[in-house]
Amino acid sequence: MQEQAAWKATLRWIAFVPAAVLAGLAARAVMVLMNRFVTDGDSVLELAFRELIGGVSMGATFVYVGALVAPAHRKAVAVGLASVGLLIMGFLLFPAVWTKHYLAMWGVATTSGGLLLGAYLSFQQLE
């Protein structure tokens, strides 16, 4: 029985990063798709709102699902995933600033906020 528990824990440690990435991408896709059904144009405000809901949902879901799938040390996993995500967002911010792509800068900011929100929710709800 203990071997089965160890096997499940090992599998969950292997799967928490892919699960977090896939859940984050799925959350973004669902939110953006739902927004496309509601709105009909591509004005600047609609694009900014789409980036807002997509980025926040992706970042928060990435951290929360990753911490939820991890078998132990969930708060540390949430902090680690949020830190790695923020580091990646920092790397992605450089070309956006360099090329003055303001929508990409907004996307980086909203995803960073989602990462922080996911870490906060993980600390509040997970053990």
Side-chain angles (χ1 to χ4, degrees):
M1 190 63 135
Q2 198 170 16
E3 281 184 26
Q4 187 178 17
W7 177 252
K8 285 182 181 179
T10 303
L11 189 59
R12 286 177 69 181
W13 277 120
I14 292 170
F16 86 96
V17 172
V21 170
L22 289 175
L25 292 174
R28 179 179 176 82
V30 166
M31 294 302 286
V32 169
L33 187 64
M34 286 179 12
N35 182 261
R36 292 293 289 182
F37 285 133
V38 175
T39 61
D40 58 351
D42 284 332
S43 71
V44 175
L45 287 177
E46 288 174 356
L47 290 173
F49 181 70
R50 196 173 302 139
E51 281 296 320
L52 174 70
I53 62 171
V56 169
S57 64
M58 180 172 61
T61 305
F62 171 75
V63 174
Y64 190 78
V65 168
L68 193 64
V69 171
H73 309 291
R74 290 182 170 173
K75 289 183 179 180
V77 168
V79 169
L81 286 173
S83 299
V84 168
L86 288 170
L87 184 66
I88 291 169
M89 290 298 107
F91 284 126
L92 292 176
L93 184 62
F94 176 74
V97 170
W98 190 264
T99 59
K100 296 184 174 114
H101 194 286
Y102 298 112
L103 191 61
M105 290 182 221
W106 176 244
V108 167
T110 58
T111 305
S112 299
L115 291 166
L116 295 174
L117 176 66
Y120 175 76
L121 291 175
S122 297
F123 264 78
Q124 294 297 318
Q125 296 180 0
L126 300 175
E127 55 186 69

### Query
So Val108 and Ser112, side chain to side chain contact (heavy atoms under 4.5 Å, CB included) or not? Walk me through it.
CA-CA 6 Å; Val108 167; Ser112 299; 4.2 Å; yes
Per-pair distances, 0.1 Å, donor-acceptor, side chain in residues 15-24, under 3.5 Å, sequence neighbours excluded:
none

Report whether [X] and [Y] are members of the same hydrophobic cluster (ILVMFWY, side-chain heavy atoms less than 4.5 Å apart, transitive linking).
{"X": "Val65", "Y": "Met89", "answer": "yes"}
{"X": "Leu86", "Y": "Val77", "answer": "yes"}
{"X": "Leu92", "Y": "Leu25", "answer": "yes"}
{"X": "Val32", "Y": "Leu117", "answer": "no"}
{"X": "Leu81", "Y": "Leu116", "answer": "yes"}

### Task
To the nearest 0.5 angstrom, please state how far the CZ atom of Arg36 sits from the CG atom of Leu33.
9.0 Å
Minimum heavy-atom separation for [X] and [Y], please, with both atom names.
{"X": "Val79", "Y": "Phe123", "answer": "CG2-CE1, 3.4 Å"}
{"X": "Pro71", "Y": "Trp13", "answer": "CG-NE1, 3.2 Å"}
{"X": "Arg50", "Y": "Thr39", "answer": "NH2-OG1, 3.7 Å"}

Kindly list each side-chain donor-acceptor pair under 3.5 angstrom involving residues 55-62, sequence neighbours excluded, with atom names and distances?
| unit_1 | atom_1 | unit_2 | atom_2 | d |
| --- | --- | --- | --- | --- |
| Ser57 | OG | Ile53 | O | 2.7 |
| Ser57 | OG | Gly54 | O | 3.1 |
| Thr61 | OG1 | Ser57 | O | 2.6 |

### Query
Quick one: does Arg28's side chain get under 4.5 Å of Glu51's, heavy atoms only?
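Heavy-atom side-chain distance check passes, below 4.5 Å.
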### Minimum side-chain heavy-atom gap Leu52-Phe49 below 4.5 Å
yes
### Task
With sequence neighbours excluded, tell me which residues meet salt bridge (Lys or Arg N to Asp or Glu O under 4.0 Å) with Arg12.
none
### Query
Residues two or more places apart in sequence or in another chain: which of them pass side-chain contact (heavy atoms from CB on, under 4.5 Å) with Val84?
Ile88
### Task
List in chain and number order the residues that pass ring-ring contact (aromatic ring centres under 6.0 Å, His included) with Trp98, two or more places apart in sequence or in another chain; answer none if no residue qualifies.
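Trp98 satisfies ring-ring contact (aromatic ring centres under 6.0 Å, His included) with Phe94 once adjacent residues are dropped.
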### Message
Please list all pairs meeting salt bridge (charged side-chain N to carboxylate O under 4.0 Å, His left out) that have one or both residues in residues 91-102, counting only residues at least two apart or in different chains.
### Response
none
